[in-house]
Protein chains: 2
Amino acid sequence: MPTESKHHHPRELPDPVICTVDVVLLTLVENALQVVLARRAQEPFRGLAALPGGYIHPATDRDARDAAERVLREKTGLQSPYLEQLGVFSGPGRDPRGWSVSVAWYALVPWEALESRWTDHLEVTSTSQVRGLPFDHERIVHEALDRVRSKSSYSSLPVHLCRESFTLPQLQAVYEATLGETINKVSFRRKMEELGFVEPIPGATTGGAHRPAQLYRLRDEFRRNLSLTDRGINSGG
Amino acid sequence: MPTESKHHHPRELPDPVICTVDVVLLTLVENALQVVLARRAQEPFRGLAALPGGYIHPATDRDARDAAERVLREKTGLQSPYLEQLGVFSGPGRDPRGWSVSVAWYALVPWEALESRWTDHLEVTSTSQVRGLPFDHERIVHEALDRVRSKSSYSSLPVHLCRESFTLPQLQAVYEATLGETINKVSFRRKMEELGFVEPIPGATTGGAHRPAQLYRLRDEFRRNLSLTDRGINSGG
DNA sequence: CGAATAGTGTCTGTAAGACAGTATCTG
DNA sequence: CAGATACTGTCTTACAGACACTATTCG
């Protein structure tokens, strides 16, 4: 990858670049998408709520994904949520410490996974009103939301916001929350059948008032890989 | 983004990370997708054909995209091809110099844009037989191909492999090349009408034998932004 | 039985693919 | 006019959305 044309001398390395990871951790509270923020323990922006992030540690991280998983673990205790790379945000101005590269990731977890390990340096904000974030974190959040919305329209992505077991009406509500629009019930169920990433849990149904609903679970093959369709789950992608 | 918990002392920075960009430059020769490789002028892997790449230069690059554009300019003379971020490839093993982060990009250009500035340190390889690339460049190429194929099925992406003016049958052939499958002619023309990213050039048609074809051009609004459809241009996404 | 939620049957409109037709050039 | 390529009209099929119907619980 290097290209400089100094001949015969040991070549100069360019100035070092600050290498970090940032994670947009999304969850659903009462069918509204929320971002999880962590109060910063260090400068810069100490005390401010920001995306969970940190330096890449070449000594211990196996790659950038590993760094993102470590950061998530350190700040939220989450072990292995659904995690996907969003992209790189870079430049001299985004971090006051200097020219930086941040590998941004987004993660989806059911609220219940967070609730148990909650600590007071964490907070949740509705995605519709994230404001005042340091660095370029607001831009990162918005790009993550765009990505999640777009992927939700043709994949099993939103299922990772659901608990271990869920009903189809619940899953539909989750899709509607991430897509920001209502979905036709019949079409939705047809699509879920076609995509085949959920399976009914034999004999398990919801209790409570009204007709009980069949409980479903994510099929194992789709824990790490999404199920995709080209024709779209809703009308407008 | 940093998280270490040293109190009151200036915190230790982690070891530096090698920061580079790599570009998967794609073009079409006789309706077959080709990758453009550059022979490496420097160690490691001096003399081997590899993806055009190089260090990020914090002193002069405004961001990673700027670095990728510079690298492309330096190695191929290309000024501003269609260029999109693919993602980050990282880890201790991919570069013999040490723990590295490469921001990978893919670019699409018409063959004619390259032909003129060709130099002997460049070579083209059919995407179906890229082999023996250093680093993890083979993986990067394959991910770029997946991405291009997938985006081609619902966007105007492939048009960037066409020259300034082109006919609809030519454009269809380009789509078929990137998708690797034939497309129904009527459906294709309906889709192009619907997507609306091309416009007929008034009065311009092809010469030569047979019925002349209407020449089209990319509409200005879609030079930097793709035109998207949710329903797919071909059958299988 | 009524309210409420879960789940299905079926009709209709829309959009994609197949196929065959018409159009326009060269030699 | 034959051959070749560009373009279009139209039929058929598949799928998405609308809507109404049935099913099953609780009180």
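Worth knowing before you read on, the calculation uses all heavy atoms, side chains too, and leaves out hydrogens, waters and symmetry mates.
Taking atom CG on B:L215 and atom C1' on C:dT24, their separation rounds to 15 Å, with Å as the unit. B:R231 places its CZ atom 8 Å from the C1' atom of D:dC15, with the value rounded to the nearest Å. Taking atom CD1 on B:I233 and atom P on C:dA15, their separation rounds to 16 Å, with Å as the unit. Atom CZ of A:F188 is separated from atom C1' of C:dT8 by 16 Å (rounded to the nearest Å). In this structure, A:L171 atom CG and C:dG7 atom C1' are separated by 15 Å, rounded to whole Å. Between A:I183 atom CD1 and D:dC15 atom C1' there is a gap of 16 Å when expressed in whole angstrom units. Note: CD (B:E193) to P (D:dA6) measures 19 Å, nearest angstrom. Between the CD atom of B:Q214 and the P atom of D:dT8 there is a distance of 10 Å, given to the nearest Å.
B:E199 and B:R217 are joined by a salt bridge, as a carboxylate oxygen and a charged side-chain nitrogen come within less than 4.0 angstrom of each other. The residues B:E193 and B:R190 are annotated as not salt-bridged, no charged nitrogen and carboxylate oxygen being separated by less than 4.0 angstrom.
Mapped onto DNA chain C by nearest heavy atom, A:P169 and B:G232 fall at different nucleotides, with A:P169 at the one closer to the 5' end.
Among D:dG9, D:dT5, C:dT8, the nucleotide with an atom closest to any side-chain atom of B:H210 is D:dT5. Distances from the side chain of B:R211 to the nucleotides C:dT8, D:dT10, C:dT24 place C:dT24 closest. Comparing atom distances between the A:V186 side chain and each of C:dT24, D:dG9, D:dC19 picks out D:dC19 as nearest. With distances taken from any side-chain atom of A:A213 to the nucleotides C:dA16, D:dA6, C:dA6, the minimum falls on C:dA6.
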Audit row: B:S102, B:D22, side-chain hydrogen bond (donor to acceptor under 3.5 Å, both in side chains) steps and yes/no
CA-CA 7 Å; B:S102 167; B:D22 285 301; 2.7 Å; yes
Apply ring pair (Phe, Tyr, Trp, His ring centres under 6.0 Å) to A:Y216 and A:F166, showing your working.
CA-CA 5 Å; A:Y216 286 78; A:F166 48 86; 7.0 Å; no
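Residue contacts shown for B:K191 are limited to sugar-phosphate atoms, with no base heavy atom under 4.0 Å away. Contact annotation for B:G208: backbone-only contact, meaning every heavy-atom pair under 4.0 Å involves sugar-phosphate atoms and none involves a base.
Counting atom types as modelled, B:R190 pairs a side-chain N or O with a base atom of C:dG17 as donor and acceptor under 3.5 Å. Side-chain atoms of B:K185 stay outside donor-acceptor range of the base of C:dG17, with no qualifying N/O pair under 3.5 Å. The base of D:dA18 sits with one of its N or O atoms less than 3.5 Å from a complementary donor or acceptor on the side chain of A:N184.
By the 6.0 Å contact criterion, CZ on A:R223 is enclosed, its count of non-hydrogen atoms from other residues, nucleotides or ligands being greater than 12.
In this structure, B:Q34 contributes its side chain and B:T27 its backbone to no donor-acceptor pair below 3.5 Å.
The one candidate from A:E143, A:Q85, A:E84 that meets the side-chain hydrogen bond (donor to acceptor under 3.5 Å, both in side chains) condition with A:Y106 is A:E84. Applying side-chain contact (heavy atoms from CB on, under 4.5 Å) to A:L25 and the options A:V124, A:V109, A:V35 leaves one that passes, A:V109.
Two end axes, each from the C1' atoms of five base pairs, can be drawn for the helix from C:dC1-D:dG27 to C:dG27-D:dC1; they diverge by 10°, to 10 degrees.
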